[in-house]
Each structure stands twice: as structure tokens, then as C-alpha cells.
Amino acid sequence: VSELTPWVGPVAGGTRVNVLGLKFKDSHRWLCRYGRGATGTWLGSYAVANKTSIARLIDGQQMECESPSHGAGLKEVEVSMNAQQYTDTEVQFEFQPTRRVSSLYPVQGIREGGTLVTVSGTAFSSRSASMGYIHCRFNIPLVRALFYSASKLVCTPPGMPEAYAAVEVTNNDRDYSADGVLFEFV
């Protein structure tokens, strides 16, 4: 395993992760494992099980697997073609708290676009911003978000017809919030 796309996803899981590497061969049982060791990781004196998901081989250099639900933090991602031996490359995926949109200011702007909209919420990620993953979605159109803090982004919507648009945010270019906070184009 040499690279992941994206490198981050929500703790709820469900992110389609592309795993890149070399010499991936056809196998009836490719797995992705999030976490290390045969018995999992240790939290004090308690074993915490690793989480796995079935992987879909795309070609000899790429596969896709879905991230499982997991506690926040960095976890190594390794792959196996027999559910026993795993790669050992220390490539990490970050499980992040679920991002939420709670309010917008202003709540309306001109339909020609260009209004600076402050998006308030929780769990906006500076690491995701540094990777260029953070975007705002106004119904369907995407715009890059400017990161100010874990609770504040600024987005500039494109021009749209007079209507309301649900504003959602992503920390990984794949998974979006689903809070339904509305911005009105007038």
C-alpha cells in the first residue's frame, strides 16, 4: 500500500477509499484492515478489535474499500488477499469527527453569486483544508471553502436561479454533511 484517496473520512464510516499499491493480484477475498496487529490494538488492558472491510480489486495497482465506523484518530490501512497475512506499510487513514453545518451568515445573497458566506458548524478539519479536501456544496454546485477554524469556513457561492439551496460541507471531497441549512438566492 503506497497511497490512499482520500486520506480522511468520518468516524461513521462509509467512505469509498481508493487504495493504491503494486502487485495486487486477482483473489476471491481481498480485505482492507483499519488498525494493526492480529488481535487489534490495546487500550489500557483491553483489546480493541481491528476493523476490516471487503475490498474490490480495480486493477494490479488499485482497489477500493469502504471505511468502517471507527473512533477518531489515525489508523494504518493494510490489505490482505487471504484474510491472514496483511501488508505492513504504515499508510494511515484519519477517522474524523462528523462535520456539521449549524448556521450561515448572511442567509441570503444575490443570484449572480459572489456573496461571501460564513459557514458555522463543528469538526471542520485543518488537515483536510491543507490537502484541498474542504468544499461547500450549494445544492449541487461545489466551491472551495476557506478554512478559518474547526467551527468556521467561508464559501463564495456561484450564480444560481432565485431559490433556496441547502449548504453542505465535506472534509474529504466524498462525504457531505446532511444538515439542510438553507441559503436563499434573491
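Just so you know, these numbers use all the heavy atoms, side chains as well, and skip hydrogens, waters and symmetry mates.
Taken together through direct or relayed side-chain contacts under 4.5 Å among Ile, Leu, Val, Met, Phe, Trp and Tyr, Phe185 and Val181 form part of one hydrophobic cluster. Tyr34 and Leu31 are assigned to two separate hydrophobic clusters, defined by single-linkage of ILVMFWY side chains at heavy-atom distances under 4.5 Å.
Residue pairs meeting the disulfide bond (SG atoms under 2.5 Å apart) criterion with at least one member in residues 155-186, sequence neighbours excluded, are Cys136-Cys155. Sorted by first and then second residue, the pairs that involve residues 102-145 and meet ring pair (Phe, Tyr, Trp, His ring centres under 6.0 Å), not counting sequence neighbours, are Phe138-Phe183. Within the structure, side chain to side chain donor-acceptor pair (under 3.5 Å) contacts touching residues 109-118 (residues at least two apart or in different chains) are Arg111-Glu162.
Put simply, the side chain of Arg100 does not reach to within 4.5 Å of the side chain of Ser177, judged on heavy atoms. Side chains of Val91 and Glu3 form no contact here, defined as non-hydrogen atoms less than 4.5 Å apart. By the 4.5 Å heavy-atom criterion applied to side chains, Val169 and Leu153 are counted as neighbours.
For the atom pair OG (Ser102) and CG (Asp179), the distance works out to 8.0 Å, reported to the nearest 0.5 Å.
Taking both residues in full, the closest heavy atoms of Lys25 and Trp30 are given as O-NE1, 2.6 Å, listed atom of the first, atom of the second, then distance. In terms of heavy atoms, Leu22 sits closest to Gln61 at CD2-NE2, 4.0 Å. Listed here is the closest heavy atom pair of Val19 and Leu4: CG2-CD2, 3.9 Å. In terms of heavy atoms, Arg144 sits closest to Gly132 at NH1-O, 2.9 Å.
Proximity of a side-chain donor or acceptor of Gln96 to a complementary backbone N or O of Ala72 within less than 3.5 Å is not detected. Within the 3.5 Å criterion, the main-chain N or O of Ser69 finds a donor-acceptor partner in the side chain of Lys51. Side-chain atoms of Ser128 never come within 3.5 Å of backbone atoms of Asn172 as a donor-acceptor pair (strictly under, hydrogens ignored).
Two rings, from His70 and Phe95, have their centers less than 6.0 Å apart.
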Exercise for review: Could you please spell out the steps behind the salt bridge (charged side-chain N to carboxylate O under 4.0 Å, His left out) verdict for Glu64 and Arg56?
Suggested key: CA-CA 5 Å; Glu64 180 182 82; Arg56 179 178 67 89; 3.4 Å; yes
Point to revise | Test log, rule side-chain contact (heavy atoms from CB on, under 4.5 Å), inputs Ile134 and Arg99 | key: CA-CA 11 Å; Ile134 294 188; Arg99 70 262 160 268; over 6 Å; no
